Amino acid sequence: MIAIPTALSALGFDAEWASLVTSTELDAGRVCRVIRGDRGGVLVQGAWPPRHARSRGRLRFEGQGVLVLPTVGDWVVLAEAPVAGRDGWLQVDRVLPRRSTLVRQAAGDETLPQLIAANLDLVLIVTSADGDLNPRRLERYLAVVRTGGASPAIVLTKLDLVPDPAAALDAARAIAGDVPVYGANPRARSGMDEIIAACRPGLTVACVGSSGVGKSTLVNALAGDEHQLTGDVKRSDGKGRHTTTSRELVSLASGALLIDTPGMREIAPWEADEGVAEAYSDLDDLAATCRFTSCRHETEPGCALRGALDSGELDAARFAGWRRLLSEQETQERLRFAGAAAQERRRYKGLSQHLKAPPKPRR
Ligand SMILES: Nc1nc2c(ncn2[C@@H]2O[C@H](COP(=O)(O)OP(=O)(O)OP(=O)(O)O)[C@@H](O)[C@H]2O)c(=O)[nH]1
Ligand SMILES: [Mg+2]
Ligand SMILES: [Zn+2]
């Protein structure tokens, strides 16, 4: 049994994590947690103050790109050589196997994943009641969170700015199913009790959502101080200013660990068949009762979904949101497959050129 330093358990390290490292690594202070992720490097903290670190080249180039690189929330083991190069940055030797991840399809034209955070127990999907509340977007967030294996909860902010807060809460609850929905005003620090209770000691909790919805304000309210920078929402379009620019882990006095993230403009799940099925379990159950197992829910006879739409039992917008997510996942799958095939072809080409007989000498 390895003795766990208090400074590490304060960051969420437990016996299960300890079983993945050696006592030598632990004793040498080489085990630490990533508390901030930026482009190019990470900030890590162990039984010592935060320091910069970057991955070993091996980690950077081997494997499947971004998904293997350390991200905020990760537990990592540092390389034996304490200092990487001239800049004095530490070097990450390996990332401990993750308990959960938060991955979305990266914004932009290419079909690539973006790893947002790792080892989350709870993800607070923050949405503001004024303007941002969008059932389809909430469904997408739920699919993303569930795919990665963390538990979701929804936090509805700015209820003080809408005429009918109860209606806004109902709209969120209609999407949430058995996912808890908390209404709170983090700016006034009211309505926080349930959220505080959900952020139990030792848990790692991330806040995600659009810019300006109050994620950093919520983190500050939970931390009891002004740890995170917050920004007023632009008056003209109600959109946030993208005040938070990096993902950062904050330790609460209660013993919970909170991760604030920058606002996201788009949210699309990555490799999310299961997550989509869970977020739309009601539709999935219905689809299982269609007459044909291959039903595309278009004009097939005996389609349970069409039946539910006709009877008004199923909301057409929810149905459309589900179909859109499924077709996005299909496209993603196809592009991923095409990308992998191209890579394989390139490898093969390189290999065959290598094996080709040397050019014949000129006569
Ligand atoms: N009226 C009201 N304002 C709020 C509430 N919660 C947050 N705000 C305000 O909303 C603005 C944006 O809050 P932030 O916490 O910076 O938002 P954010 O989600 O962190 O935004 P990004 O960092 O850009 O992603 C701030 O001016 C907050 O004071 C609320 O419940 N009611
Ligand atoms: Mg913020
Ligand atoms: Zn059908």
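We count ligands from 1, going down the list as the structure has it; atoms in each ligand are counted the same way. For clarity, every value in this text was computed on a predicted model and none was experimentally measured.
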Straight-line distance of F13 CZ to N119 CG, nearest 0.5 Å: 11.0 Å
CD on E278 to OG1 on T147, rounded to 0.5 Å: 8.0 Å
Taking distance alone, with N or O pairs closer than 3.5 Å, would you say T157 contacts ligand 1? no
Within 45° cone of W270 ring axis and under 6.0 Å: R104 NZ or CZ: no
So, is T261 polar-close to ligand 1, with some N/O to N/O distance under 3.5 Å? no
R98: partners by salt bridge (charged side-chain N to carboxylate O under 4.0 Å, His left out), with sequence neighbours left out: D74
Can you tell me if Q114 and Q105 form a side-chain donor-acceptor pair at under 3.5 Å? no
Decide whether an N or O pair under 3.5 Å exists between P262 and ligand 1. no
In short, side-chain hydrogen bond (donor to acceptor under 3.5 Å, both in side chains) pairs touching residues 284-300 with sequence neighbours left out are E298-R323
Would S128 and T157 count as having a side-chain donor-acceptor pair, cut-off 3.5 Å? no
Test item: E248 side-chain N/O and G37 main-chain N/O as donor-acceptor pair under 3.5 Å: no
Just let me know how D160 lines up against ligand 1, side chain, backbone, both or neither, with a heavy-atom cut-off below 4.0 Å. side chain
Does K215 reach the main-chain N or O of S210 with its side chain, forming a donor-acceptor pair under 3.5 Å? yes
What's within reach of the Zn ion (ligand 3), meaning protein N/O/S atoms under 2.8 Å? C290 SG, C295 SG, H297 ND1, C303 SG
If I apply the N/O under 3.5 Å rule, does S216 come out as touching ligand 1? yes
Atoms (protein N, O or S; no water) under 2.8 Å from the Mg ion (ligand 2): 2
Does a donor on one side chain sit under 3.5 Å from an acceptor on the other, for T204 and R33? yes
Are any of the N or O atoms of L159 closer than 3.5 Å to those of ligand 1? no
For atom 5 (C) of ligand 1, which candidate among K158, R189, H242, M264 holds the nearest heavy atom? K158
Between T244, D130, L161, L218, which one has a non-hydrogen atom sitting closest to atom 23 (O) of ligand 1? T244
